**Q** 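Sharing a structure, written as structure tokens. Questions coming.
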Amino acid sequence: MNLITAKKLKKEYSQYRWQTNSNEIFTEEMTLFTLTGKDVTYSLAALESGHLAHVYYGKRADDEDLSYLMRLNENPYTPKVNKRDMGTFMDSAPFEYPCHGIGDYREPTIMLMDSEGMSALDLRFVSYEITDGKPILEQALEDCTVRIPATFAEKDEAQTLAITLKDNRTGLTAVLYYTVFAELDAITRSVRLINNGTKAFDVRRVMSACVDFDSCDYDFITLNGSWARERIIERSPLHHGKQSVDSVKGESSHQNNPFTALVSHNANEDIGEAFGFGLVYSGNFFAQAEVTQHKKTRFVMGINHFDFSWTLEPQKSFTAPEVVMVYSSEGIGKMSRTYHDLYRRHLIRGEYKDKRRPILINNWEATYFNFNTEKLIDIAKQASALGIEMLVMDDGWFGHRDSDNSSLGDWFVCEKKINGGLKYLVDEVNKLGMKFGIWFEPEMISPDSELYKAHPDWAIQINGMPLTQSREQYVLDYSRKEVRDYIYGLMCKILDSANIEYIKWDMNRQLTEVGSNALPAGRQRELWHRYVLGVYDVMDRLTSDYPHILLENCSGGGARFDAGMLFYSPQIWTSDDTDAIERLKIQHGTSICYPPSAMGAHVSDCPNHTVGRTTPFSTRGNVAMVGTFGYELDVTRISEQDRNEIPGQIEQFKKYNPLIRTGDQYRIGNVFEDNTWDAWIFVAKDKSEAVFTFVQVLGRPNYGSRRIKLKGLDPNGKYLSSETGEIHTGAALMNCGINITVHGDFSSKVIYFNRAD
Ligand code: DGJ
């Protein structure tokens, strides 16, 4: 495998070789690195000066020497690597990991506060190494080492380039990792900082990736929203100055997702260039595109530097999370499909990675806090008879929790509600042939709890400041191992007490008064990141100790739908908005970079609890079928007619889920542009079958049927339609389309196509 090459080059422009103040020449030659994925090339160079320059990122070039693109001796405002024009060079050359304080006034990737109060850095090339596969990422802490979530690859699936840079004054070493995947147009990047100096310094900013694009002719795509409106797509042309999205809430957030893309102005689902950037991280993040004076774009992404600081003692290291860069020359759709493949194969782990997930029924919207053993068994009885495979007991089973105002942290079964005990309940559910799942919110503490009485100092807090409540709860200080150990110990007791096969891990508030009673003053600003590392630590222990348990992440709906969480949980609750029509946007937006098969999606009751809308039961099923599929209603109380539809929906889901989980998704409709209909199709990798879904948002009088063009089929293949029984070529279905007739607002249909040649 030869996905990465390193070439020594001696170019005629070496006359412009820049010398340091001590007249020391770094190297005689420059080293050009070329990374080649399936249809993508990424090229960078360590110049003779030691600066690490960006050369090219885009469609595969099949040329190992793109150094002619570097313009090292053009005039007047383009870079020259010489002493006289160093400022010009620094402020305009494309860099891989630009420093602050030495003449590059664009967004830096790294800043320190050193022992002398200085923040400038001058990182220069030292060495490189190319290895097969992909190293794991870790962060050593005082009392444990935390594995940092990241994509993984076998030795024959990817290659990694590690480039070491060093700042001589402070002794800071930065190792930049680039992994390129053989079968995908994906390159991942991360950074490890090591203090090889003699004095401690504070890292004030450490981005995981920077790409200096040669133009600003792009649109910036972000996924924004709010509770019940997560990952709504926004797209706007880049303009001079900086446009950014971030989170300062301690989690990836409802408001902005740690994913952005730069796409060519003409890009749509099927054509144009798309450069996606996703951060494998679940805390405060930062992503920014900056249009420079020369109409170029600097894109950076990483942990948010806002309120961040990390003290690095001599010989200690800091690992910044991974950025996943995906390139597509065939539109946004292809970019999404690459993310889906990458995350399904190289990020999601565990026993359920490649398995259909159990069809569950969750009691949240069915009962909220008002349930007991009998009620749950009633639901389970009806559900099992209809073919539902797992009962999930949501919030309210512990402490004295009858509302959201108490007991978080007291992970003891509330015998008043779970009369007979948890084991009895689980056994009864198991006897019905169903699995049992349970809800936890392990990061939280209620002021009204035994835990808070015993350990008020365990909440994240700043002494002397009133502590902000949100949903009447505080956040536990997960930077403290004793806190994590205690909570995890309680969880284990519950998990060991009965046959529990699924956990919903919820997180229902963001961080405020960010201070820890366990950290020294100089390290308090580390808490944002230490908190996230603490969460990762517990999730790692949980998934290792209980590999058979299916973990579903959740955060007040979909506030933590991020790639970091996918490393632990193969599915994430997409949104508390379960309305089928609202879900069209939410699921479309989420599918931009996350696999639909990881989206928690349920059929709920109507009028919908969030928007009050009534939609057909069949449409609720057809929309939820894209995701993990389940029910979130009181099956004992819905209409006979709806209940009778459940077995058919389950059969449909079981039939199509393998295709949805492994196939390619093509979005056909775009509810962000035309909110009157939506459609998508999942096509098998070998093009042997496809399942198409159409949803009409609003009925339209007297227009007749809609003609919808399918996508992704083999144009030369012949396909049998489950709707008409007719056989047509893929070319006809894609170029000419099919006529879709549906009647009524919110109606929908699913059509299966299988190969008939
Ligand atoms: C928020 C989640 O998104 C809901 O599904 C539910 O689990 C509640 N929390 C419970 O408090």
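Just so you know, ligand 1 is whichever comes first in the structure, and atom 1 is the first atom listed for that ligand. Since the structure is predicted, the reported quantities are computational estimates derived from the model, not experimental observations.
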**Q** When you measure from atom 7 (O) of ligand 1 to every protein heavy atom, which one gives the shortest distance, and what is it?
**A**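 For atom 7 (O) of ligand 1, the nearest protein heavy atom is Asp394 OD1, 2.7 Å.
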**Q** Counting distance only, does the side-chain N/O of Thr619 pair as donor-acceptor with the main-chain N or O of Phe746 below 3.5 Å?
**A**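 Judged by distance alone, yes, a pair lies under 3.5 Å.
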**Q** Looking at atom 3 (O) of ligand 1, what's its closest protein heavy atom, distance included?
**A**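 The closest one turns out to be Asp576 OD1, 2.5 Å.
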**Q** Hey, is Lys504 one of the residues with a heavy atom under 4.0 angstrom from ligand 1?
**A**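 Right, Lys504 reaches ligand 1.
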**Q** Run the numbers for me: atoms of ligand 1, each under 4.0 Å from some heavy atom of Gly556, listed by number.
**A**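 Counting atoms of ligand 1 from 1, those under 4.0 Å from Gly556 are 1 (C), 3 (O).
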**Q** Under the criterion side chain to side chain contact (heavy atoms under 4.5 Å, CB included), I'd like the reasoning laid out for Leu451 against Tyr486: C-alpha separation, chi angles, the key distance, then a yes or no.
**A** CA-CA 10 Å; Leu451 182 63; Tyr486 175 79; 3.4 Å; yes
**Q** Just so I know, are the side chains of Phe306 and Val248 near enough to count as touching, which here means a heavy-atom distance under 4.5 Å?
**A**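 They are in side-chain contact.
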**Q** Using side-chain heavy atoms (C-beta onward) and a distance below 4.5 Å, is Met434 in contact with Ile361?
**A**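 Yes; the side chains approach each other to less than 4.5 Å.
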**Q** Numbering the atoms of ligand 1 from 1, which are under 4.0 Å from a heavy atom of Cys554?
**A**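 Answer, ordered by atom number: 2 (C), 3 (O).
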**Q** Is any side-chain heavy atom of Asn256 closer than 4.5 Å to one of Ser247?
**A**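 Ser247 vs Asn256: side chains apart.
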**Q** Relative to each other, are the rings of His529 and Tyr281 parallel, tilted or perpendicular (30° and 60° limits)?
**A**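 Rings of His529 and Tyr281: tilted, 30 to 60°.
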**Q** Would you mind listing which atoms of ligand 1 come within a distance below 4.0 Å of any non-hydrogen atom of Asp506?
**A**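 By the 4.0 Å cutoff, the relevant atoms are 1 (C), 2 (C), 6 (C), 7 (O), 8 (C), 9 (N), 10 (C).
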**Q** Could you check Trp397 against Trp411 for side chain to side chain contact (heavy atoms under 4.5 Å, CB included), going step by step and ending with a plain yes or no?
**A** CA-CA 9 Å; Trp397 57 266; Trp411 300 109; 3.8 Å; yes
**Q** Distance under 4.0 Å to a non-hydrogen atom of Asp395: what atoms of ligand 1 satisfy this?
**A**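 So the atoms of ligand 1 that pass are 10 (C), 11 (O).
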**Q** Can a non-hydrogen atom of Arg471 be found less than 4.0 Å from any atom of ligand 1?
**A**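 Yes; Arg471 lies near enough to ligand 1 that a heavy-atom distance drops under 4.0 Å.
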**Q** Under 4.0 Å, heavy atoms only, figure out whether ligand 1 is touched by the backbone of Asp404, its side chain, both or neither.
**A**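 Near ligand 1, Asp404 shows nothing, with every heavy atom at 4.0 Å or more.
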**Q** For the 3.5 Å polar cut-off, considering only N or O atoms, please tell me whether Gly557 and ligand 1 meet it.
**A**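 Looking only at distances, the answer is yes, because the N/O contact criterion of under 3.5 Å is met.
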